[in-house]
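Since the structure is predicted, the reported quantities are computational estimates derived from the model, not experimental observations.
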Amino acid sequence: GRVRRHTLEEIKKMSLASFLPAPTQLSQDQLEAEEKARSQRSRSTALVSSRREPPPYGYRKGWVPRALEDFGDGGAFPEIHVAQYPLEMGRKKKTSNALAVQVDAEGKIKYDAIARQGQGKDKVIYSKFTDLLPKEIMNEDDPELHRPDEEAVKELTEKTRAALDKQVSQKIAAAMPVRAADKQAPAQYIRYTPSQQGVAFNSGAKQRVIRMVEMQKDPMEPPRFKINKKIPRGPPSPPAPVMHSPSRKMTVKEQQEWKIPPCISNWKNAKGYTIPLDKRLAADGRGLQTVHINENFAKLAEALYIADRKAREAVEMRAQVERKMAQKEKEKKEEKLRELAQMARERRAGIKGHGEKGAEDGEVRERDEIRHDRRKERQHDRNISRAAPDKRSKLQRDQDRDISELIALGQPNPRPSNEAQYDQRLFNQSKGMDSGFAGGEDEVYNVYDQPFRNGRDMAQNIYRPSKNADRDLYGDDLDTLMQNNRFVPDKEFTGTDHGPRRDGPVQFEEDPFGLDKFLEEAKQHGGSKRPSASGRSKDYDHDKKRRKE
């Protein structure tokens, strides 16, 4: 039953494929199978297989891509962990100016390729030892010595004329304003056989014929490139080879003779060599000079030696004197200590010695000095009072003034002292947030709390007219007008005092009317019934004194 069912299904499929039209697009599997078959056919027809393909996916274990063909058309293989350069991408190109090794007909290396580098191929360069040898004398019948025949001369002449005509025509055509189109060279046909054979390359063809045609050039086109650049001159003809005689071993003497000392400079040492002092001095040429020493050097050295010796003697003498003085001072201190110890022993023993008398003499001497100083002060005051009676009171009055009063009066500071003096008005000032607002009172106007420039000569500087501007108004006698006291009465009042002018503020007497006492009693018996604390303290002190009596 199974066999029968299988055959029936095959019959149905065949009948269905025969009824349907042929597919226009092949599936992926069909495409791959067809391409494999085509590649196998091409391999069988090709003589040598030039196509290398990487192994399929899953069979690349142990395979490493080395050549460009191993990558195919794709990139690197990520599952192979080696450095890969598909299409030579990422590989650093090694540039070298080394020449390829060339070999002559005998198989020897041609070293003259270095001399021929950059030269024309037809240039004659002598670089071998055989080039210096004279040529062998040939026979007269040798064909190389014969003159060329007429045909060779004509052929060479025509070649030379063609080359010269070509150069001349190019020069003339470049100079002409209108140029004719250059004649194109005939087309060339080149047969090309690619190295990569296959369906994917060269459209499946094995060979290709290429037609090479010269590109049409526009005669009116301006030049594309700058041809007036100055290019460096080509290399000159190589120098004649220096032929050396066979080398022989040099002796030590010849080596020493050929040893050229290096140039030693006293200023530059670019290489940083360590140069011995003897070599440096030898390079200086000092050994070639005759040295003449002046006799003044000897005199100076002798004078310095004598001065040094004198200075040492003076220092030693000074040190001896200091030691002697220190010894005397020490002996004096010891003597004093000995006397004090003797006095202490005598005082302890109850004997009144000369020491107490000496102490009493010292106290008497101090009292005499104090008396002498006081006598000098009294003499000084007496002289001042005798010379100027009013000056004494002024000096005594100015001694007790505060520094602020001295500044206000414009007096200099007569008391040079090391202590800093301060203006007493700066202390005990309540300055805080309400200092600029007068304690919160808006109606109080105290912006100008001090007079502006209350100096002595303020009025003279402000009200003094300029000399030139007011000459028409006041006349030339301006100084006499200013010196006149215009505000002095003609008749003075009775009882006017013409005594010396007062310097400083007004001095008041001490309460001639008893006003302070009256105010104190008013405070005690006035506003409050209780007596003030000050009154009680006074009564308490008065009662205390009475009890003591």
Side-chain angles (χ1 to χ4, degrees), residues 13 17 20-105 107-114 116-121 184-217 224-226 231:
K13 283 184 181 179
L20 292 173
T24 57
Q25 293 183 352
L26 299 178
S27 63
Q28 185 71 23
D29 298 335
Q30 291 174 346
L31 285 173
E32 289 179 357
E34 190 173 343
E35 192 166 344
K36 278 185 180 179
R38 195 183 301 159
S39 64
Q40 286 177 1
R41 285 197 301 272
S42 65
R43 279 182 204 152
S44 62
T45 56
L47 295 176
V48 179
S49 69
S50 60
R51 172 78 172 164
R52 289 177 59 185
E53 291 184 355
Y57 192 75
Y59 298 96
R60 297 171 184 167
K61 187 175 182 181
W63 178 76
V64 178
R66 302 290 185 189
L68 290 175
E69 294 84 4
D70 295 341
F71 295 99
D73 289 335
F77 298 96
E79 67 271 13
I80 301 173
H81 302 291
V82 294
Q84 305 174 39
Y85 303 98
L87 300 178
E88 296 294 334
M89 290 188 299
R91 189 189 297 275
K92 293 182 179 179
K93 295 182 180 180
K94 298 180 180 178
T95 57
S96 175
N97 56 359
L99 298 175
V101 179
Q102 299 179 13
V103 184
D104 58 359
K108 297 181 181 179
I109 299 175
K110 295 172 66 175
Y111 293 104
D112 59 345
I114 300 173
R116 288 186 175 276
Q117 179 71 16
Q119 305 293 339
K121 63 178 181 178
Q184 295 182 0
Q188 295 179 353
Y189 294 92
I190 302 168
R191 188 184 298 276
Y192 170 63
T193 305
S195 63
Q196 292 178 335
Q197 297 287 340
V199 181
F201 303 100
N202 202 15
S203 301
K206 298 178 184 177
Q207 288 183 346
R208 177 174 291 187
V209 178
I210 300 173
R211 182 172 177 265
M212 189 79 67
V213 182
E214 189 176 353
M215 185 178 176
Q216 184 72 34
K217 188 176 180 182
R224 294 184 181 180
F225 310 106
K226 293 182 179 179
I231 57 175

Chemist: Answer yes or no: are there more than 12 heavy-atom neighbours, outside Glu88 itself, under 6.0 Å from its atom CD?
Modeler: yes
Chemist: I need the full list of salt bridge (charged side-chain N to carboxylate O under 4.0 Å, His left out) pairs touching residues 74-87, with sequence neighbours left out, sorted by first then second residue.
Modeler: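 Listed once each, the pairs are Arg60-Glu79.
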Chemist: Looking at Ile114, I want to see if its CD1 is surrounded by more than 12 non-hydrogen atoms of other residues, nucleotides or ligands under 6.0 Å.
Modeler: no
Chemist: Just by modelled atom types, is the Pro194 backbone N or O under 3.5 Å from a matching donor or acceptor in the Gln197 side chain?
Modeler: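 Side chain of Gln197 to backbone of Pro194: a pair is present.
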Chemist: Can a donor-acceptor pair be found, under 3.5 Å and without considering hydrogens, that links the side chain of Glu214 to the backbone of Ala185?
Modeler: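 Yes; judged by distance alone, with no hydrogens or angles, the pair exists.
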Chemist: Can you name the residues that form a side chain to side chain contact (heavy atoms under 4.5 Å, CB included) with Val82, not counting sequence neighbours?
Modeler: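 Applying side chain to side chain contact (heavy atoms under 4.5 Å, CB included) to Val82 gives Val64, Ile80, Gln84.
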Chemist: Minimum heavy-atom separation for Val213 to Ala187, with atom names?
Modeler: CG2-CB, 4.0 Å
Chemist: Could you tell me the separation between the CZ atom of Arg66 and the OH atom of Tyr85, rounded to the nearest 0.5 Å?
Modeler: 11.5 Å
Chemist: Which atom pair, heavy atoms only, marks the closest approach of Pro86 to Ala76?
Modeler: CG-N, 3.7 Å
Chemist: In terms of ring plane angle, is the pair Trp63 and Phe77 parallel, tilted or perpendicular, where the classes change at 30° and 60°?
Modeler: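 It falls in the perpendicular class, over 60°.
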Chemist: Just jot down the side chain to side chain contact (heavy atoms under 4.5 Å, CB included) partners of Gln117, sequence neighbours excluded, or say none.
Modeler: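 Partners of Gln117 by the side chain to side chain contact (heavy atoms under 4.5 Å, CB included) criterion, ordered by chain and then number, come out as Leu99.
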Chemist: Looking at Lys206 and Thr193, what are the two nearest heavy atoms and their distance?
Modeler: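 Nearest heavy atoms, Lys206 then Thr193: O-CG2, 3.9 Å.
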Chemist: Between Leu68 and Leu87, which heavy-atom pair has the shortest distance, and what is it?
Modeler: CD2-N, 3.6 Å
